[in-house]
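Remember, it's 1-based here, ligands and their atoms both numbered in the order they're listed.
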Amino acid sequence: MSTRIVPPTAANIRAAAEVIRRGGLVAFPTETVYGLGADALSADAAAKIYAAKGRPQDNPLIVHISCIADAERYAHVTPLADALMRHFWPGPLTVVLPARDIVPSATRAGLSTVALRLPMSAPALELIRASGRPLAGPSANRSGRPSPTTAQTVVDDIGDAVDVVIDGGDTFVGVESTVVDVSGDRAIVLRHGGITLEMLRSVVPADECASDEQKRRSPGTRHRHYAPSVPVVLWSGGELPVQGAWTYVGMSGPPEGASREIRFDDEADYARGLFSALRELESHGGTIVAELPSGEGIGRALLDRLRRAAGVE
Ligand code: TXA
Ligand code: MG
């Protein structure tokens with residue numbers, strides 16, 4: 001059966017919700033990347049997600065909800081989490097909190113915590129409401145590959161495993177949500193993403209995840225990610241770090257000689273287009289030379305994804 005890509009009409013959302021209620025998989029657009037949705041309250045559905053993505057079993061899933069009040073149904077909400085949810089939801093922020101028992105262990109990979117997110121995209125919210133379930137939703141790519149920012153990329157990666165893909169067009173943030181541990185009284189960023197550290201700090205005390213112990217709290221950060229099928233090397237001006245054929249992605253002009261180049265106006269634009277750029281450039285072969293961003297604002301998320309695409313810590 002070929003995967004259906006459908007527009008987010010009311011009838012298509014209703015049909016997709018039925019797929020979710022029957023325990024199936026539906027890929028859906030969010031403001032960050034496409035998600036691979038399944039009933040977050042079903043251990044069987046979670047198992048299907050791990051199989052479809054080839055995802056390591058120790059990497060927990062984000063639970064997507066459609067209203068702030070639902071957070072209390074699935075987690076013990078702290079005052080810190082409440083402040084962040086009210087400020088940034090709907091939007092690209094995921095909060096990690098002590099879980100309630102209703103969330104199956106399979107969804108949270110055996111952890112005592114659960115990650116909650118209220119996305120900004122209308123089709124995502126409509127799908128959650130129509131299915132009457134919270135949606136477990138990792139990025140809808142094969143594990144380790146760049147995340148999908150278009151419906152077609154989902155089909156290219158995991159088309160066989162998903163029943164239907166709701167097409168919401170290109171996603172507009174482009175990197176995934178920021179994951180923060182909010183179980184204490186300071187927010188700890190476990191994964192940089194669409195909500196920057198500066199934005200978090202304008203609302204609550206927030207730190208970058210520093211220690212190895214803290215890193216262990218976000219299992220996803222342990223695995224290699226975002227890797228195209230060709231080598232990626234990072235470049236910050238000056239001498240080129242490659243020999244042989246190469247392509248370029250970045251903001252400023254590269255030195256002469258790229259066989260293909262993709263250039264962005266600023267870091268937000270670079271973040272929005274990075275994953276599809278990596279996929280396009282890998283099809284040209286050679287090495288991908290990627291310009292390093294500043295490491296501030298959205299540049300932090302960009303830097304993290306680029307480092308992991310290049311396989312450097
Ligand atoms: O923007 C996003 O967050 C997208 C869209 C689809 O919502 N989803 C996404 O999911 O990026 P995924 O599975 O690709 O990444 C989830 C990240 C992983 O790094 C995982 O380890 C972390 O969130 N995570 C999930 N549950 C956690 C928990 N209980 N404690 C710590 N980290 C958790
Ligand atoms: Mg992912």
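The shortest N or O to N or O distance between His64 and ligand 1 is under 3.5 Å. Taking distance alone, with nitrogen or oxygen atoms compared against 3.5 Å, Thr30 stays at or beyond that limit from ligand 1. An N or O contact shorter than 3.5 Å links Ser177 to ligand 1 by distance. Residue Arg117 has at least one N or O atom closer than 3.5 Å to an N or O atom of ligand 1.
Paired with Thr153 under the rule side chain to side chain contact (heavy atoms under 4.5 Å, CB included), one option of Pro148, Pro146, Ser147 passes, and it is Pro148.
Not counting sequence neighbours, the partners of Val204 by the side-chain contact (heavy atoms from CB on, under 4.5 Å) test are Leu80, Ala83, Leu84, Ala187. The side-chain hydrogen bond (donor to acceptor under 3.5 Å, both in side chains) test applied to Ser42 returns no partner, not counting sequence neighbours.
For the pair Arg272 (side chain) and Val175 (backbone), a donor-acceptor distance under 3.5 Å is absent.
Clustering of Ile, Leu, Val, Met, Phe, Trp and Tyr by side-chain heavy atoms under 4.5 Å joins Leu127 with Val6, Ile13, Val19, Ile20, Val26, Phe28, Ile128, Leu135, Val164, Ile166.
The part of Val96 lying near ligand 1 is the side chain, judged by heavy-atom distances below 4.0 Å. Proximity of Glu31 to ligand 1, defined as any heavy-atom pair under 4.0 Å, is not found for any part of the residue. Heavy atoms of Arg108 found under 4.0 angstrom from ligand 1: none, in either backbone or side chain.
Excluding water, every protein N/O/S atom under 2.8 Å from the Mg ion (ligand 2) is given here by residue and atom: Ser139 OG.
Side-chain contact of Thr150 with Arg279: a donor-acceptor pair under 3.5 Å is absent, judged by distance alone.
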